[in-house]
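Read the numbers this way: they start at 1 and go in the same order the structure lists the ligands and their atoms.
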Amino acid sequence: MQIVTVASKAYSDQRPGTSGLRKSVVTFQQEHYLENFVQSLFDVLDGYVGKTLILGGDGRFFNLTAIQVIIRMAVAAGFGRIVVGHDGLLSTPAASHLIRKNKAFGGIILSASHNPGGPDGDLGIKFNTANGGPAQEALTEAIFQHSLKIAHYHFADIPEVPLDCIDQHSFGHTIIDVVDPVADYAQLMQELFDFSAIKSLIDNGFQVCFDAMHAITGPYAKKILGEQLGINQENLLNCEPKADFGGGHPDPNLTYAHELAERMLSDTAPDFGAASDGDGDRNMILGRQCFVNPSDSLAVIAANATLIPAYKNGLSGVARSMPTSAAIDVVAKQLGIDCYETPTGWKFFGNLLDANKITLCGEESFGTGSNHVREKDGIWAVLCWLNIVAVKKQSVSEILLAHWQRFGKHVYTRHDYQGVETTSAKNLVEHLLNNLINLSDKQFDNYTIKTADEFSYTDPIDGSISEHQGIRLLFKNGARIIFRLSGTGTSGATLRVYIEDYCTDSNQYNENTQSYLKPLIHIADKIAGIKMHTGMKIPTVIT
Ligand code: VG1
Ligand code: CO
């Protein structure tokens, strides 16, 4: 086996964002682009010779091409074993689990998550460390710095590895195992949840509908929800992974998962509906004619966690990303446990989970997870809800209402303005930052600002500091407006505005969210000049 060294030229745009390096497929198709990033990763890492690498992706266009490139480079780098998902498939949470289970050095996950796929879509590459979680900022920054000056990369001159059958191959000192992407993950789920309670719920006629959005959770849903829990095949929608996600946008929200949303909001709706995203780490939970806001979902799971076998002894603590609503904070307070507030992105939960400061965590962006892996986990969240419903014997809407009656309701929405011109978005942020100092104690309608600041996070475990993590307007009555720019987009800028108010008047729990939050939505525009800066009258997506 020959190791070939190729002279390359550096690119200047390989800085990973919220969740790995995410670019258009066309960008990745540039000469040496993928190779440069992978070599930068290997050059910066230390101590992997002879160790195991987990490798897989969400099945989108370019997934298989990229995997073959990475295999050749990982063999050249001297990894002892490469574990690849059958057909190159691995959901993000399953990859995290395989890293932990195999005591691997780390893993490479190919995905652009909820971004569209296909030749005109996006691709992403992410490195997860030995704990199973996304690499932290210090490492991703080191990779980026290295990528700016990289001059060559190495690959092993080996034939393409057949990934279409479960088998073992060997090249030089490296063994390559092509594995079932579902089996180990499915076993973990069985260990965490009461499958027999969920199965009897379903056997007794509880109707569940799941939409895999033509993305990675299809095979997982078929095995776990279909074969193991007995959900009818016809209620498992879009379960064949497709390279372009059937032309859709694999983002589980009411806008993009419209097939499921229409079913669930109709008069003949099933009892329970759920969807997951491109790489299987996000989830949307719906009851019959009832949408569960992701921030509420996290709070409900926390409040009922002891009904689930894995968490029967209680939670060590919980965490949420800063823009996620404070619904979980109220639950934590009643449970007498700590609640941490982290920047956006799952990588910030890793240290807290490793140190057992928290058991559960989540984000408003349809991401929920626990210490079972180091990624958010879509199928896991669905099983949490099914387990809770099975034990409580209540509908999703009854559980939600009871939750609000006990803890109050955090009325919450996120407005996304996509495709904003980059300079306009920067101007908006700069203008807001310059104005923060004038905002304290200012009153707008019935809302008075208590604090206006930019969120900065000091990791309680390793003391690392992450600055510029979003602009916060905190009001005296607990309402909040947050502004931040997306770190996962691949063209232009996306402005995210997160709006939240706390309501304890049960007569208003059923009011329409957008109408309830209208005064705050108006205040957000007044303070930030959203319409003026973006030139948009309404958000592109509302969740
Ligand atoms: C978005 C979400 C964030 C999530 C990230 C990755 O990031 O807001 O909460 O962690 O996507 O999710 P941003 O920077 O665009 O707001 V996924 O499902 O791409 O792995
Ligand atoms: Co995702």
Undergrad: Of all the N, O or S atoms in D281, which has the shortest distance to the Co ion (ligand 2)?
TA: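 Looking only at N, O and S atoms of D281, the one nearest the Co ion (ligand 2) is named OD1.
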Undergrad: Answer with yes or no whether the side chains of R414 and N253 bring together a donor and an acceptor at under 3.5 Å.
TA: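 Side-chain D/A pair, N253 to R414: absent.
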Undergrad: Would you say D377 and Y185 are linked by a side-chain donor-acceptor pair, where the criterion is simply a distance under 3.5 Å?
TA: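 The criterion, which ignores hydrogens and geometry beyond distance, is satisfied for D377 and Y185.
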Undergrad: With a 4.0 Å cut-off on heavy atoms, is E375 in contact with ligand 1?
TA: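 Heavy atoms of E375 never come under 4.0 Å of ligand 1.
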Undergrad: Distance under 4.0 Å to a non-hydrogen atom of R22: what atoms of ligand 1 satisfy this?
TA: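 Those qualifying, in numeric order: 17 (V), 19 (O), 20 (O).
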Undergrad: Under a plain distance cut-off of 3.5 Å, with no hydrogens placed, do S316 and T359 share a side-chain donor-acceptor pair?
TA: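 The answer is yes; a qualifying pair exists.
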Undergrad: Verify whether one side chain among E454 and H468 offers a donor that lies under 3.5 Å from an acceptor in the other.
TA: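 The criterion, which ignores hydrogens and geometry beyond distance, is satisfied for H468 and E454.
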Undergrad: I'd like the atom name of the N/O/S atom in D277 lying closest to the Co ion (ligand 2).
TA: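 This residue's closest N, O or S atom turns out to be OD2.
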Undergrad: Using heavy atoms and a 4.0 Å limit, tell me yes or no: is G345 in contact with ligand 1?
TA: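 True for this residue.
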Undergrad: For the pair T458 (side chain) and I465 (backbone), establish whether a donor and an acceptor sit closer than 3.5 Å, ignoring hydrogens and angles.
TA: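 Flag not set: sc T458 to bb I465 has no pair under 3.5 Å.
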Undergrad: Taking R60 for the side chain and N115 for the main chain, is one N or O donor matched with an acceptor at less than 3.5 Å?
TA: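 Checking the backbone N and O of N115 against the side chain of R60, a donor-acceptor pair under 3.5 Å is found.
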Undergrad: Are W380 and N283 close enough that some pair of their side-chain heavy atoms sits under 4.5 Å apart?
TA: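 W380 vs N283: side chains apart.
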Undergrad: Specify side chain, backbone, both or neither for R414, according to which of its non-hydrogen atoms lie closer than 4.0 Å to ligand 1.
TA: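 Within the 4.0 Å criterion, R414 contacts ligand 1 through side-chain atoms alone.
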Undergrad: How does T344 reach ligand 1, if at all, at less than 4.0 Å between non-hydrogen atoms: by side chain, backbone, both, or neither?
TA: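 It is the side chain that touches ligand 1; the backbone stays farther off.
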Undergrad: Evaluate the side-chain proximity of L386 to F193: yes if any heavy-atom separation is below 4.5 Å, no if none is.
TA: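 No, their side chains stay 4.5 Å or more apart.
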Undergrad: Any N/O/S of T92 under 2.8 Å from the Co ion (ligand 2)?
TA: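 Under 2.8 Å: T92 has no N, O or S contact with the Co ion (ligand 2).
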Undergrad: Below 4.0 Å, non-hydrogen atoms only: which portion of S486 touches ligand 1? Side chain, backbone, both or neither.
TA: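 Both of them.
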Undergrad: Of the non-hydrogen atoms in Y311 and S370, which two are nearest, and what is the gap between them?
TA: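 The pair with the smallest heavy-atom distance is OH-OG, 2.6 Å.
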Undergrad: Would K126 count as a contact of ligand 1 if the rule is a heavy atom under 4.0 Å away?
TA: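 The answer is no, since K126 has no heavy atom less than 4.0 Å from ligand 1.
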Undergrad: Looking only at heavy atoms, is any part of T494 under 4.0 Å from ligand 1, and if so is it the side chain, the backbone, or both, or is it neither?
TA: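 Under 4.0 Å from ligand 1, T494 contributes no heavy atoms.
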Undergrad: To check your reading of the model: name the closest protein heavy atom to atom 10 (O) of ligand 1, its residue, and the distance in Å.
TA: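 Among all protein heavy atoms, the one nearest atom 10 (O) of ligand 1 is E363 OE1, 2.7 Å.
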Undergrad: For the Co ion (ligand 2), what is the closest N, O or S atom on D279?
TA: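 The D279 atom nearest to the Co ion (ligand 2), restricting to N, O or S, is OD1.
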